[in-house]
Amino acid sequence: MDNRPRLRQLPFIRLLIPYVLGISVLNLFPVLFPILPVTVLITIVLLLFLHLLIKEHQLKNNLNGIVIILLFFNLGLLSLKQAKTYSILPERKVNYTGIICKTPFRKQENLHAECILMSYSTDSIKHNISGKIILYLQPDSLNTLPLVGDSILFTTNLKRINNRGNPKEFDYAGYMGNKRIYYSAFVLTRDYKFRGNSGKYKIKRTAGIVQKAIIDRFKENGIKGDELAVISALVAGERSEISDDLKLDYSVAGATHILAVSGLHVGILYLFLSLLLFRRNNFLPVRLIRLTFILGAIWFFAFITGLSSSVLRASVMFSLFLTGKSFNRPVHSYNILAASAFIILVADPLELFRVGFQFSYLAVFGIIYFQPKISGLLIFRNQLIDWVWQLLSVSVAAQLITFPLSIYYFHQFPVYFWLTNIIIIPAVWLIMIFTIAFFLSFPFGTVTFCLTKVLNVLLTLMNSGVKFISEIPCSSISDIRFEKLNLVYFYLSISLLIYAYTYCRKNFLHVISMLVLIYLVCDIYTYINLERKKEIVIYNAGRFNALSLIDGHKHLVIADSALFTEDSDFIKYTTNFRIYRQVNRLVKYVSIQDVENKKLLKNDFLVVGKSDYGLLIKYYGCNIFFYRKNMTDIINEIWTGDTVNYLVVDNNSGFPDRVLIEDIKPEMIIISPSVSNFLSGTWREEGYNCRALVYDLSENGSLHVVKY
């Protein structure tokens, strides 16, 4: 008997694929939107017309299928367009009215709050608007922490969230855009006021209150520190208390998914409840009572964890699966997976671009497809060993399909993920079971005290185990270069491999081999091409100066010393570029302040000279001049009369010196973001007078020059 799935048995996959394609195409080519929907609609009309003319049954069925595919492709286009529609806000200080839509938390010294805008007022005229923003609120004297649903009145100039424009930097604007957040602002205490409950977001407000009550219960019973942070994340979905060091340990050990409430936690809850509730009874009313109780528990758990996207995904998936099983309907795992994804994407098409969504569904697919095949490779008679092997096979199956995504986003691979999961999953099982017992034991003080001690021990052991694994030599391979094209090649190859294996299409193996060969050739070509490149990058680093000089796989960074601290954004937003250029292990940092007065840095292709007034760099025949007032010292010493290619000015440059500029004849004047609007205008005028191009780093992002 052939048990291989057929597409006609998986209707939601047939709907999901064109819908996802529509969302993806519009995201890649937004300029096509005015044309594409019209074209698709015309095609649908023509196909329907042909359907009326054609009498042959099989051909009619094929046309029906094409019409459905095009229809859902079009729905994907339209849904993403609707999701990305937002109000354009005034670029000046005005009065806004909004509602807090997510539980606020303290971030460094400020209060971080997401809010839905309702209106703004100018000249006593009220304008109704919509859209989500982020506010960084200066705390008041009472350290007030508002609740979801509270109204807020504030006065500010909202700024559009933009990237700095540095090469390969993290796309923060795109990340926030996928959350429908396009503006942010810092608001002083005197400029905002909370007005109490607006009556909106009642469910989320109640969930927030329950979350706080749960965390307070843990605190009252002596759970604190990292243990409190982890159990708050596991049970209440609250991650703001997790320290950076703890996050790093979990990341290196491959256990970050534990800290985000997801399908694992919902699955543990389901398995625990299903073991308790008369599993083998086939009487329909009993099955319905069991179904109602388990679904109620799952959705209550989703409720108390703040209705986060990850737990909602898992709750929808389990709800569909359990409902089908309870009514003895044929339940196909792939169809349930596609159905839950389809429901979530119809509700919010932007979920497709969120990392959590991608990891969740790929991991579940990997477990469904690969785990039975991996676990069947070895069979153990000893139940304990078999249980460990089954646990290991689940971990390997999930990691096998998600590791390229992990490398693409985080540029690291946790080597001992399998060992981590053997420790972590049983620990999470026990912690969640004892947590349920903890809340049921409140009438019995002594029992609650004992359970608190047990929870503290379990949490300490789990954190210690994760820390131990993270400190094992070579526990993580980091700084791995993996581009979008690599990701596409991998998933295309593995999709073809799965199809060839499932449907015994051996000829597909030739296609897969060809794809792998093309990938290797492209990767070798890229490496050789990068090795001979000479590049200059002048960064948009805010009020500081920074540039990179790259010679093949060697990288020299010259910047203000303030940018070289461990928590500096400069180090963070240049990491991806250094990994992409494969120079991350050959980086040399030189502080502008550390180059001694009038001392020159020299080699065959580079000269760096500095005086108290500025910096001149000669790199492969390209002259870069960081302009300061009264720079005659350095000019006389290392400038030989060649034309300056790039003249960089910042807030210390002052007004243009016409005599000096006419002498050095710059080809381009680069204006740093630290330059005031008035001085920026003066330098633009000077550039016009001396026939030099003007490049503003704050408007255009970093300047990237490639010299072979």
Side-chain angles (χ1 to χ4, degrees), residues 4-30 32-33 36-37 39-41 43-44 47-48 51 61-84 178 309 313 316-317 320-321 324 330-370 401-402 404-405 484-485 487-503 505 508 511-512 515:
R4 292 174 297 185
R6 303 291 179 184
L7 272 179
R8 63 175 174 270
Q9 300 170 331
L10 309 172
F12 276 101
I13 289 181
R14 297 168 71 184
L15 301 180
L16 180 66
I17 291 173
Y19 187 75
V20 167
L21 281 174
I23 294 171
S24 304
V25 166
L26 182 60
N27 187 64
L28 288 171
F29 309 105
L32 296 178
F33 181 76
L36 215 49
T39 307
V40 174
L41 284 172
T43 308
I44 291 172
L47 287 171
L48 289 173
H51 181 272
N61 285 341
N62 292 339
L63 282 174
N64 288 339
I66 295 171
V67 168
I68 290 171
I69 288 171
L70 289 173
L71 180 62
F72 278 88
F73 177 82
N74 215 41
L75 285 174
L77 293 172
L78 294 169
S79 62
L80 185 64
K81 180 66 176 178
Q82 180 63 32
K84 288 197 169 185
N178 288 335
S309 298
R313 287 191 291 269
V316 169
M317 198 182 308
L320 293 173
F321 176 79
V331 177
H332 202 297
S333 300
Y334 299 110
N335 201 46
I336 291 293
L337 191 66
S340 64
F342 183 75
I343 291 168
I344 288 166
L345 291 177
V346 167
D348 184 6
L350 291 172
E351 274 284 337
L352 182 64
F353 309 111
R354 293 171 190 161
V355 178
F357 178 90
Q358 296 167 15
F359 270 99
S360 294
Y361 279 93
L362 280 174
V364 174
F365 173 79
I367 291 168
I368 292 171
Y369 185 82
F370 289 111
I401 198 73
T402 59
L405 207 62
K484 191 172 290 186
L485 186 61
L487 194 67
V488 171
Y489 263 116
F490 176 86
Y491 282 117
L492 181 59
S493 299
I494 202 168
S495 299
L496 291 172
L497 190 62
I498 289 170
Y499 183 82
Y501 176 82
T502 305
Y503 296 102
R505 301 293 176 85
F508 271 64
V511 179
I512 296 166
L515 282 173

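Smallest separation of non-hydrogen atoms from Leu26 and Lys81: CD2-N, 3.7 Å. Taking each heavy atom of Ile401 and Gly366 in turn, the nearest pair found is CG2-CA, 3.8 Å. Heavy atoms only, all atoms of each residue included: Pro404 and Tyr491 are closest at CD-OH, 3.8 Å. Scanning both residues, Gly22 and Leu77, for their nearest heavy atoms gives O-CD2, 3.2 Å. What you find for Tyr361 and Ala341 is that their closest heavy atoms are OH-N, 3.3 Å. Ser79 and Ile23 make their closest contact through OG-CG1, 4.2 Å (heavy atoms, listed as atom of the first residue, atom of the second, distance).
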* To do: List the steps, then state whether side-chain contact (heavy atoms from CB on, under 4.5 Å) holds for Ile13 with Ile17.
  => CA-CA 6 Å; Ile13 289 181; Ile17 291 173; 3.6 Å; yes
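Note that CG of Leu80 is 9.5 Å distant from CG of Asp348, once rounded to the nearest 0.5 Å. Atom OG of Ser24 and atom CZ of Phe73 lie 9.0 Å apart (nearest 0.5 Å). For the atom pair CG of Leu71 and CG of Leu75, the computed distance is 5.0 Å after rounding to the nearest 0.5 Å.
Looking at heavy atoms from C-beta onward, Phe357 lies out of side-chain contact with Leu350 at the 4.5 angstrom threshold. Side-chain contact between Ile68 and Arg14: absent, with no pair of heavy atoms (C-beta onward) separated by less than 4.5 Å. For the pair Leu345/Leu16, a side-chain contact is recorded, criterion being any heavy-atom separation below 4.5 Å from C-beta on. Counting heavy atoms from C-beta outward, Asn27 and Leu352 have side chains that stay 4.5 Å or more apart. Annotation: side chain of Gln358 is not in contact with side chain of Thr402 (no heavy-atom distance under 4.5 Å).
The aromatic rings of Phe365 and Tyr369 lie parallel to each other, their planes meeting at an angle below 30°, with 60° marking the opposite boundary.
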